[in-house]
Structures are given as C-alpha cells and as structure tokens.
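One structure is given here, and the rest of the page talks about it.
To find a chain, count down the sequence lines: A is the first, B the second, and so on, and within it residues start at 1.
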Number of protein chains: 2
Amino acid sequence: MSLMATTQQVKRRATNQGAAVKEALAAEDTFRSAQDVYATLRANGEKIGLSTVYRHLQIFVDDGLADVIHKPDGESTYRLCGDASTTHHHHLVCRSCGKAVEIEGPAVETWADKVAAQNGFTDVNHTVEIFGLCAACAA
Amino acid sequence: MSLMATTQQVKRRATNQGAAVKEALAAEDTFRSAQDVYATLRANGEKIGLSTVYRHLQIFVDDGLADVIHKPDGESTYRLCGDASTTHHHHLVCRSCGKAVEIEGPAVETWADKVAAQNGFTDVNHTVEIFGLCAACAA
DNA sequence: GTGTTATCGGGAATCGTTCCCATTATGCCA
DNA sequence: TGGCATAATGGGAACGATTCCCGATAACAC
C-alpha cells in the first residue's frame, strides 16, 4: 500500500470466535491458511465455522493486524504482525514449514518507487517475498 | 529460481493449438489469464479447449518462455518474456490493464540472498512485483 | 499410407473462497 | 437487570479458477 494507510478501526463486537482465531494465529510465527486455522480450531474442540475464520482473518488484514501472503499455488496465508503502527516490511518465508522472519529493505522501497515513477506509474505498491528453506527444515 | 536453471526442453509436437496460444500471448505485452486467452481465441473462431490453453501456458512456463504472476486475487497471469536465456528480471505491472514493463534490480537480488543467508535459509528464490496504474489507465 | 502415440477437448471433479440467510449472542440503554 | 436492535455466526449453496480423466483426434516417423 502507499496511500490510505489510515487503518481506521471500525467498532466491532468481541466474540469468542474472533478471539479464538486471533489466538490460533498468535500461537505460531508462521503464515497459516484459513483452512489450516479452521482445522486447528476444530481439532481443539472450538465451535466455529469456516466462514467465520475467513471473516476474521480478513478483518485482521483490514485492521492492519495481520499480513497476507499469496502462496504460488494460490492459497492465502495469514500471520499476525505486531500492530497497526508497525512499519512496512516484507518476509523471509520457509517454503516447507511456513515460518517467517520479518525483514526490512529500505533500499527496495525507494528503488520500487523510483522505477515506477520513471515509467509513469502511479498509485504504486509492491510485493517482495523471499522464499527458502529454514535451517530446521533443511535437515 | 536459483538452482535448476536448466530449462531443458522436451521434444514436443507442433500443433495448431500450441501455436495459437503462443500467438495470442505474443500479441500483447500484458500479463493475461488463461481464461482471458481462452476467451480471445474462441472469439477469434479458434477451435481450442480450455484445458489445452492451460496446458500450453504451463508448458511455456516450464520451458522458460513465459513468466507467471499470481495476482493478489489468486488468478495466474502469463506473458511471453524473451527466450529462455533472458536474465532473471521482475515486472512493473499495471493493476488495471495488465501491461507490464520488465525491470531489473541487481541490488535487490543480492540483498535478498544476503538476508536469506543471514537467517540460515537455503535454496532461496524471491518474488518482486511492483503494481501500479500506468499512465494510460490513470486517465 | 499406416501405425504409434502425443495431444486435444469437454465435462466432471477439486479446491479455496465467497455468498446467503435464518439463528444466536453482544452491547447498550432504560 | 431485562429487553431490544443488530452485529456476528455457521452451514450449505454458489462460484471461479484450475486440474483430472479418457475416448477421440491428429503429428510424425517409417
């Protein structure tokens, strides 16, 4: 994103399901799919529907509480990332286990904006994700 | 990609359909979805099935003739990019019309590899796509 | 030509995600 | 504290992109 970084939170109701989803995400520092989170919650005996999981994940993203990564296979994965005030950053993600490390690359940001401007592009944003095998999974 | 840059082409049969798909892609310098290409071909009276379009697009990717971009909405889009020997590059893509400009950022490549190495990640690759509105679409 | 076999294509199947809507539960106010 | 307005829920249907299956078709070699 580049414009509208407001992230204005709308009033929302506190529900068990919402808390459960957040908790599930908070439990791991990996990017997890909606289906995955749903399965985990159900396995824990949580009473929640798939729609609700999707709903909350999207809300977290809208509120700037979570980041999304679209895996090459098309699946969307989510991960809580600090709070809404955290600066823009990217991720180094393990292809195998999903574990992610937040990284920053100021140079990339400016480079992206410059290149876009040179080509007459406006309203620019970019995606930069680095995939690899973490030390643990390499074994 | 970082390893396996071999791009070994298997012997393939020359078919009208394969040629048609390549032609359709070659006609525009924009990233286009399989559905889009299929619709265009059918509109042109081409006799081809959707499966075949997907098949050839995937073949182009495997042979290193085309690049893929997974749009945020999950749709995959394809574009012919020089030939297999072309160097690794990224794209500046118009969110609206799909028009793409090939860009290079040597600094980004080295930065990505360095960051990954520092965190113990191996077998690294990365995706860098810049989205924006091209001058034409901004109007 | 003829035969072998890669390729085609249409429809069924899959998969992630969104939509719909009657039911439930939260938060506010009296 | 009780009751109400309405946000949130969830299960199943709907959807769109992609893949799979497999009998029919067409390339290429001899």
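Here R42(B) does not reach the OP1 or OP2 of dG9(C): none of its side-chain N or O atoms lies under 4.0 Å away. The phosphate of dT7(C) has neither OP1 nor OP2 within less than 4.0 Å of any side-chain N or O from H56(B). Phosphate proximity of dT17(C) to Y54(A): present, with a side-chain N or O under 4.0 Å from OP1 or OP2. At dT17(C), one or more side-chain N or O atoms of S76(A) fall inside 4.0 Å of OP1 or OP2 (strictly under the cut-off). The side chain of Q35(A) contributes no N or O atom lying less than 4.0 Å from OP1 or OP2 of dC15(C).
Residue contacts shown for L50(B) include a base, since a base heavy atom lies under 4.0 Å away.
As rounded to whole Å, 14 Å separates atom C1' of dT17(C) from atom OH of Y38(A). Computed from coordinates, the I48(B) CD1 to dG10(C) P distance equals 10 Å when rounded to whole Å. Distance, Q17(B) CD to dG10(C) C1': 13 Å, rounded to whole Å. Between the CD1 atom of I69(A) and the P atom of dG16(C) there is a distance of 18 Å, rounded to whole Å. Protein atom CG of D36(A) is 11 Å distant from nucleotide atom P of dT17(C), rounded to whole Å.
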Criterion side-chain contact (heavy atoms from CB on, under 4.5 Å) on C137(A) and K99(A), from CA distance to verdict:
CA-CA 10 Å; C137(A) 288; K99(A) 183 187 202 98; over 6 Å; no
side-chain contact (heavy atoms from CB on, under 4.5 Å), that's the test. Do Q35(B) and L50(B) meet it? Break it down for me.
CA-CA 7 Å; Q35(B) 307 278 352; L50(B) 183 55; 4.1 Å; yes
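Nearer the 5' end of DNA chain D, as judged by each residue's closest nucleotide, is the contact made by N16(A), out of N16(A) and E75(B). Two residues, Q58(B) and G18(A), neighbour DNA chain D, and the one matched to the more 5' nucleotide by heavy-atom proximity is G18(A).
For R13(B) and dT5(C), a side-chain-to-base donor-acceptor distance below 3.5 Å is present, hydrogens and geometry of angles not being considered. In terms of polar N and O atoms assigned as donor or acceptor, the side chain of T15(B) never comes within less than 3.5 Å of the base of dC8(C) in a complementary pairing.
Between H126(A) and H90(B), the ring centre distance reaches or exceeds 6.0 Å.
Think of the region where chain B sits on DNA chain D: with heavy atoms and a 4.0 Å cut, that region ends 5' and 3' at dA17(D) to dC28(D).
Within a 6.0 Å sphere centred on CD of Q118(A), heavy atoms belonging to other residues, nucleotides or ligands number more than 12.
Taking 4.0 Å as the cut-off between side-chain N and carboxylate O, R79(A) and E102(A) count as a salt-bridged pair.
A donor-acceptor contact under 3.5 angstrom links the side chains of H89(B) and D67(B), judged on distance only.
Ring geometry for H56(A) against F60(A) counts as tilted: the plane angle lies between 30° and 60°, on a 0 to 90° scale.
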